[in-house]
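A, B, ... follow the sequence lines: proteins, then strands. Residue 1 opens every chain. Because the structure is a prediction, the values reported are computed rather than measured.
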Amino acid sequence: MTTTGEARARAERYEPRAFEPKWQARWDELRLHDTNLDDTSRPRFYLLTMYPYPSGALHIGHWYIVTPTDAIARYRRMHGDNVFLPIGFDAFGLPAENAAIKNRINPRDWTETNMENMRRQFRSMGATFAWENEVVTCDPEYYRWNQWMFTKFLENGLAYRSVSPVDWCPNDGTLAREQVEGADRHCWRCGAKVEKRELPQWYLRITDYADELLNFDGIDWPEPIRIMQTNWIGRSAGAEVVFATAPSAHHAGGEELRVFTTRPDTLFGATFMVLAPEHPLVASLTSPDRQTEVEAYVAAATVKSEIDRLSADREKTGVYTGGDAINPVTGERIPIYVADYVLGGYGTGAIMAVPAHDERDFAFAQKYGLPIRRVIMAHGGDPDEPLTQAFVDKAADHAPNGPGPRGPLGGIETLLEARAAVGELVLVNSGQYSGVPAATAWDHIVDTLAEDGKASHAVTYRLRDWLISRQRYWGTPIPVIHCEDDGPVPVPEGDLPVLLPDTVDYRGSGDNPLNHDEAFLAVDCPRCGKPARRETDTMDTFIDSSWYWFRYLSPHNEEGPVDPTLVEQWTPVDQYTGGAEHAVMHLLYSRFFTKAMRDLGLVDQSEPFRRLFNQGQILGADGERMSKSRGNVVDPDDLVARYGADTIRLFLMFMGPWDQGGPWSPTGIGGVSKFLGRVWSIATDPHGHEASDPQSGHLPAGESEADARDRMRTAAHRTLRDVTVDYEGFRWNTMVAKLMELSNVLWRYRGTSVAGLPEWDEAVRLLLLMLAPAAPHITEEIWSRLLEGRGEAWTSIHGQRWPSVDESAAAEATREVPIQVNGKLRDKVTVAMGISQLELEQIVLSRDKVVVAIGDAQVGRIIHAGGGKLVNIVLKA
RNA sequence: GGCGAAGUGGCGGAACGGCAGACGCGGCGGUCUCAAACACCGCUUCCCGCAAGGGAGUGUGGGUUCGAAUCCCACCUUCGCUACCA
């Protein structure tokens, strides 16, 4: 049998379109992937991948996330695990609402249409999702439990309402802190400039869990993610010190002005104070002659954040309020400034400025001619030596509170350690503390002031409470009723869910249509029965994604948000996969929710995801993020139509390390397609050969049949050994490469006398099994043909057990030993595996090339590296 | 400015103390074909050489080691996140 020209036309070629849809339908029909959650006879494997937003169509980035995840699922099934791989849709959110405004259609219809298309596309991947457990977050069956949990949070003091300045985008309404991006403070979604607005808002007390969230014990997460979360939480241990305002012509004085500092040891160097523009005491401290100037500055500061960050000069600005304060240790009168380099939302919104030891304060003091007093220096130095820049001692920088590495991953673990490190630094110009080591003074000053209630140890965090209010329609209505007499009252459990009305008036502006829906708004107060108004804010969609994996276990459960038995049996999630762009927000919120739900008695655990893998992002061919507006979106449907799903799956895995991502380039896709074509030919037409190649059909010169049989067996089992490790570590690119190598070996033997021998058949079988999780259709098709050819009944290849390595087959009889002389490669020699070092040395030293390389020199040591992997002859100098 | 990640052929990448460039793309040459496409075979880090062979080489400069792409120090570049956190 030959394979060329007409003959090739006759031989059946790899034609994925001919069978991929058939198998997808078959797997669905047999319900191969709906998981029996009650089956406890097998080890469970809860595999979760981040559910998509129903934007309308999958792009290649979705395939990049889902395809390897599906391979993990299939691989675990081959190990006998009861795998649960659910999917759903993150179906609330702005794009639906924007589309609604634009096209005057209902967001629900838009969303439903999109989901239907995406479900079809998911099927075309051959992904084995448990569709029976699908969760759609815009379904009342789901969001009612958001509401239910919100009322529980309220009862337990975890939710509260507060009027505060919020970031406001003219298009998208309120934004979370994290949703404001970049130096110019633009909206993460639409890019518009962000303003500030005062609004009553609902918050969740995530900061109550700040310390617990810093602890990653018992979860296997990538270190960069842990570091990012740790830095995001930003725990800072220091002290709060109370300054008193000084009496003046316009001001009685004696008011408390609290500051947060990590350096109370520098208190004697505090020569002025700075308040954030938002600080509540700004107005009362301002003297009449300064009022105009201060008010103008404060007004400018609220807008400023948008405008001036781009202007490269980050020069500090501020104005004197005309008010003064008393330094509690020196008794000095020091001026109080307002400056926007102090943040209203951090610490107390006020600082004591120590220009000698803080770069920002130094710059400010220089600009406004304020005194700079050195209070810390190396022992024995001259305390009056003028400073040309702030003296910030490095060791203190590495304290957990400093700007350097901090927290559990930051090197120096505790303040004590940090203080020990600054032991050689002493206070100067600090009254009774002069000459005292800075480390000692730190505590002493705080403790002494604490006796008079003037200071206390304090911890602050960068992390703020989670603002969940959105002035938007397409989200979970916050279940609260505002009554004139009773204030905000939670909707009673029996009245849940508060349904989102389906027919609303889209005004085309950013304003929430719920504000104008009288049928929705009008309600009686559950407490007093008087007419009241419903809350119109809806919840941040990150609420939806903060517990959805629990709901997958019992998506239709009407008794509660979760089924405690299934939760206990199936969670925490064994493996979570998703994009690294969610490193902080979604993953931190999910951890918080899990802990909060635990404290409400809903779940029995503290961490949601035991193991996390963050894959990289596929960018457009231009290296930019894929987006419709950039026009660089790659449509997988076209690719599937051309190459078939298996080729696309495999190509995405072959591109490079999974956590790396990178720009999309279809170059090379043909190589993967060719590989599958060869697998096809090897398995379905083992005796065919290429007539255009005179060598084809003959064993390589000098190779016996026995050699070839050995080589096939060895190659197959070594590949199995290595590929198994790659599967475990999600190293898809090398996994594919190794399967290509094995196929190259078999390709060479195709049509020769060893094709079809038991070793051949075994190698082919192993190749198919190893390829099955990654390329499920072609392997299933070939598998069924092989069974049919042997007259056996059909069973799915995906129900087979992962093969085990025959170590004796994987072992080789000989090995090639590279020979170095003085670390330079000079020769190689093939020797028997069991050879002794002495024998090896004799052979090595007798090699011509080695003798030449040694020349007249004397042989010194001979190094046998890596258990005989390499020999290095070291010459005497 | 801070934090994180990464710099290896023309390209994606492999190797992560022991043969640098696995596997694939692209390129070049060839077989098949009237021809093209497909398919197949061979070569392909750079420099010198007809070859045998030799030399250089993993962002740059140092260091540790018998041996460094890999470990350590300094620097440069790119990407991501963050933006004065007291």
Side-chain angles (χ1 to χ4, degrees), chain A residues 3-5 8 13 178 181-183 185 223-225 227-228 230-232 234 236 238 259-263 266 274 309 314 316 339-343 345-348 350-354 357-361 363-364 401-406 410 460-462 580-581 583-584 616-617 619 623 651 654-657 659-663 665-672 674-675 677 681 689-696 731 733-741 744 747 816-825 827-828 849 860-867 869-875:
Chain A
T3 311
T4 183
R8 205 189 306 128
R13 294 182 52 166
E178 318 77 65
E181 292 183 334
R185 297 176 49 75
E223 180 159 301
I225 303 287
I227 291 171
M228 281 162 88
T230 301
N231 290 343
W232 188 268
S236 182
V259 301
F260 175 74
T261 180
T262 56
R263 298 298 305 276
T266 64
V274 185
R309 300 291 170 134
R314 275 189 255 138
K316 309 252 174 301
D340 64 5
Y341 81 91
V342 172
L343 305 176
Y346 182 78
T348 62
I351 62 158
M352 62 178 210
V354 184
H357 302 291
D358 183 282
E359 280 160 19
R360 297 155 302 184
D361 298 344
F364 193 85
N401 48 338
R406 70 189 75 204
T460 56
Y461 302 87
R462 307 167 75 122
E581 66 272 20
V584 176
Q617 263 188 312
L619 306 172
F651 176 63
F654 187 53
M655 274 178 55
D659 57 2
Q660 212 167 280
S665 163
T667 349
I669 208 163
V672 172
K674 191 167 89 177
F675 161 63
S681 298
H689 67 271
E690 306 299 325
S692 60
D693 173 19
Q695 288 184 326
S696 179
R731 282 189 289 274
N733 57 329
T734 52
M735 178 274 285
V736 175
K738 283 162 196 163
L739 294 183
M740 284 175 167
E741 280 182 88
N744 288 343
W747 184 252
E816 195 180 47
V817 181
I819 306 164
Q820 294 181 337
V821 177
N822 272 352
K824 266 185 153 342
L825 183 72
D827 199 8
K828 293 177 192 181
K849 288 179 188 169
R861 282 207 284 158
I862 297 180
I863 295 182
H864 295 260
K869 251 198 283 185
L870 173 145
V871 172
N872 187 14
I873 300 163
V874 184
L875 303 180

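Applying the 90° criterion around 0 to the glycosidic angle, B:G21 comes out anti.
For the pair A:Ile225 CD1 and B:C3 P, the computed distance is 18 Å after rounding to whole Å. Here the C1' atom of nucleotide B:G80 and the CD1 atom of A:Ile227 are 14 Å apart, to the nearest Å. Between the CG atom of A:Leu619 and the P atom of B:U78 there is a distance of 17 Å, rounded to whole Å. Here the C1' atom of nucleotide B:A15 and the CZ atom of A:Arg731 are 12 Å apart, to the nearest Å. The interatomic distance linking A:Asn231 (CG) with B:C81 (C1') rounds to 10 Å, in whole Å. Across the protein-nucleic acid pair, A:Arg263 atom CZ and B:C85 atom P stand 14 Å apart, rounded to whole Å. Between the P atom of B:G53 and the NZ atom of A:Lys824 lies a distance of 16 Å, rounded to the nearest Å. For the pair A:Asp827 CG and B:G53 C1', the interatomic distance rounds to 13 Å; values are reported in whole Å.
A distance of about 36 Å separates the P atoms of B:C11 and B:U65, rounded to the whole Å. B:G42 and B:C25: their P atoms are spaced 13 Å apart (whole Å). Atom name P, nucleotides B:G27 and B:U78: the rounded distance is 31 Å, in whole Å. Between the C1' atoms of B:C73 and B:G18, the separation comes to 24 Å (whole Å). The same atom, P, is picked in B:A69 and in B:A56; the two are 13 Å apart, to the nearest Å. Rounded to a whole angstrom, the distance from the C1' atom of B:A5 to that of B:A86 is 29 Å. Atom C1' of B:A20 sits at a distance of 10 Å from the matching atom of B:U45, rounded to the whole Å. Using P as the reference atom, B:G12 and B:G7 are 12 Å apart when rounded to the nearest Å.
For the pair A:Lys869 and A:Pro818, the tightest heavy-atom approach, listed with the atom from each and the gap, is O-CD, 3.0 Å. Taking all atoms of both residues into account, the shortest heavy-atom contact from A:Met352 to A:Val259 is N-CG1, 3.7 Å.
Set against B:A14, B:C84, B:C38, the side chain of A:Asp340 has B:C84 as its closest nucleotide. Of the listed nucleotides (B:C84, B:C66, B:C85), B:C85 has the atom at the smallest distance from the side chain of A:Arg462.
In terms of phosphate contacts, A:Trp747 brings no side-chain nitrogen or oxygen within less than 4.0 Å of OP1 or OP2 of B:A39. Residue A:Thr460 places no side-chain N or O under 4.0 Å from the OP1 or OP2 atom of B:A86. Between B:C66 and A:Arg861, a contact under 4.0 Å exists linking OP1 or OP2 to a side-chain N or O. Look at A:Gln660 and you'll find a side-chain N or O under 4.0 angstrom from OP1 or OP2 of B:G13. Look at A:Tyr346 and you'll find a side-chain N or O under 4.0 angstrom from OP1 or OP2 of B:A86.
Side-chain contact between A:Phe654 and A:Leu739 is absent, with no heavy-atom pair separated by less than 4.5 Å. Between A:Asn822 and A:Lys824, every side-chain heavy-atom pair lies at or beyond the 4.5 Å cut-off. With a 4.5 Å cut-off on side-chain heavy atoms, A:Pro666 and A:Phe651 do not count as touching. Between A:Ile351 and A:Asp361, the closest side-chain pair of non-hydrogen atoms falls below 4.5 Å.
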(request) In sequence, state the C-alpha distance, the side-chain angles, and the governing distance for A:Thr261 and A:Val354, and then conclude on side chain to side chain contact (heavy atoms under 4.5 Å, CB included). (result) CA-CA 10 Å; A:Thr261 180; A:Val354 184; over 6 Å; no

(message) I'd like to compare against my own output: the B/S/- annotation of nucleotides 17-28 of chain B with a strict under-4.0 Å heavy-atom distance to protein.
(response) -BB--BBSS---

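Taking the six-membered ring where tryptophan is involved, the planes of A:Tyr346 and A:Phe260 are perpendicular, since the angle between them exceeds 60° and thus also 30°.
Searching all strands for a Watson-Crick or G-U wobble partner of B:A5 with both distances below 3.5 Å returns B:U78. Remark: B:C11 base-pairs with B:G24; criterion is Watson-Crick or G-U wobble with both hydrogen-bond distances under 3.5 Å.
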Within the sub-3.5 Å range, which N or O atoms of nucleotides 61-64 of chain B have a protein N or O partner, and how far apart are they?
none

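RNA chain B is contacted by both A:Val874 and A:Gly662; A:Gly662 maps to the nucleotide lying nearer its 5′ end (nearest heavy atom per residue).
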